[in-house]
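Notes follow once the structure below has been shown.
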2 protein chains.
Amino acid sequence: MTMVSVDKGGSRSDRTKAAILTAARARFAAHGYERTTIRGVAEDARIDPSMVMRYYGNKAQLFDAALAIDLRMPDLSNVSADDLPRTLVRHFLTRWEGDPADDALLVLTRSAVTNEHAAARMHDVFATQVAPALAAAVGPEVAARSAGLVSAQLLGLALTRYLLRLPAVTALTPDQIERSLAPAIAATLKPT
Amino acid sequence: MTMVSVDKGGSRSDRTKAAILTAARARFAAHGYERTTIRGVAEDARIDPSMVMRYYGNKAQLFDAALAIDLRMPDLSNVSADDLPRTLVRHFLTRWEGDPADDALLVLTRSAVTNEHAAARMHDVFATQVAPALAAAVGPEVAARSAGLVSAQLLGLALTRYLLRLPAVTALTPDQIERSLAPAIAATLKPT
DNA sequence: GTCTATAATTCGATAGAC
DNA sequence: GTCTATCGAATTATAGAC
């Protein structure tokens, strides 16, 4: 798990910093902001808790650093309107099925539900990454009208399948989800 | 705020218990399980923190009591398949627009994202209240196949509009949501 | 650059006076 | 039935030795 990212060229402190960040991201994803402790992060990173303070100042700043993440949204500008829903559902399913415990968007979502700061970050991510990616595919007008509810549907999947693990949703195969959710997203993209 | 609900007939202790429960529900809804403190609940209820312990034993049991709630799902057995999606969306929109900060399902969702116990409760609520109500309308087979994703879409709305308050979703009117989300739910109910 | 020791808070929970 | 006082545990954060 948790590819530590980066950097054979890094100094020892760089590697320590990266290890802390990886551990923090995993803990924030698994338990949310309140329940992750600096001690726990330090333990996962195999270093002393005081190192976390040294490099990141305090828990809030560590959280910020852990959330400074690129969602790696796919380029949707060459996807036809017909293919868009399926492409979207597939993209997120692939991401989340792979390593749900470490996905940036799931980390953010879990914490944003009970943490104002994380919620503000979520707003940023949506405005600067999700909405533009959608607008590239369907145009600014349709995106302005439907990006919110399309996101609601995708985050609804994230919520029920990966955060709450509702049996009725975890029981479905990725294929079943794709066949059922893609037409739904297509419906909200259609003009009313 | 926080109408203390109830009960002229109640003894003084009954009124105190009810006041505690109301305050607890509001706090759990606003901040989730971890961040609500017994001290805070007691302050809202205008009583001493030790009263909370006296009546509810501990924080976990207080949480349980706060979540022992009937979702008041509507009777869907006489709703036609065509009307079902719109009926569902309307039902939940009406509930949530009224008093989002005190709605049982939102309380539960906010806490369930970071609390195992609340998540287990959520599974219960889904299995005993949501799924049967759906099955009454569309039959057990369709319900078994689609109840999970229908719930995902409704909870996605709850998540983005009331918990995260994403501007792209809060900007929509209830009518716009109904017109856009009802066809989406209809699409996931259709056989693939 | 890493660790020990500890200060300062916060909170859940208990004991007991009135 | 309500409140005062306080314990014990957990946690963030700091100071400083090595």
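Note that the coordinates shown come from a computational prediction; the quantities given were computed from them, not determined experimentally.
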I'd like a list of close polar pairs between nucleotides 3-6 of chain D and the protein, N/O only, cut-off under 3.5 Å.
unit_1	atom_1	unit_2	atom_2	d
D:dC3	OP2	B:Asp48	N	3.2
D:dC3	N4	B:Ser50	OG	3.3

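Atom CD of B:Glu43 is separated from atom C1' of C:dC11 by 14 Å (rounded to the nearest Å). Between the CZ atom of A:Arg15 and the C1' atom of C:dT2 there is a distance of 14 Å, given to the nearest Å. Atoms OH (B:Tyr55) and C1' (C:dA13) sit 17 Å apart, rounded to a whole Å. Atom-to-atom, CD1 of A:Ile38 to P of C:dT2 comes out at 17 Å; the value is rounded to the nearest Å. Look at NZ on B:Lys59: it is 18 Å from P on D:dA9, rounded to the nearest Å. If you take CZ of B:Arg54 and C1' of C:dT14, they are 13 Å apart, rounded to a whole angstrom. Following rounding to the nearest Å, B:Arg27 (CZ) and C:dC11 (C1') show an atom-to-atom distance of 13 Å. Between A:Met53 atom CE and C:dT4 atom P there is a gap of 17 Å when expressed in whole angstrom units.
Donor-acceptor pairing under 3.5 Å is lacking for the side chains of A:Thr173 and A:Asp175. For A:Asp48 and A:Ser50, the side-chain atoms include at least one donor-acceptor pair closer than 3.5 Å.
Around CZ of A:Arg165, the count of heavy atoms belonging to other residues, nucleotides or ligands within 6.0 Å does not exceed 12. Remark: A:Glu43 CD is loosely packed, at most 12 non-hydrogen atoms of other residues, nucleotides or ligands lying under 6.0 Å away.
Among residue pairs with one or both ends in residues 63-74 of chain A, those qualifying as side-chain hydrogen bond (donor to acceptor under 3.5 Å, both in side chains) are A:Asp64-A:His117; sequence neighbours excluded.
Taking every side-chain heavy atom of B:Thr37 into account, C:dG12 is the closest of D:dT11, C:dG12, D:dA13.
Each of A:Arg35 and A:Gly57 lies near DNA chain D, and the nucleotide nearest A:Arg35 is the one positioned closer to the 5' end.
Atom OG of residue A:Ser151 and atom CG of residue A:Leu154 lie 6.5 Å apart, to the nearest 0.5 angstrom.
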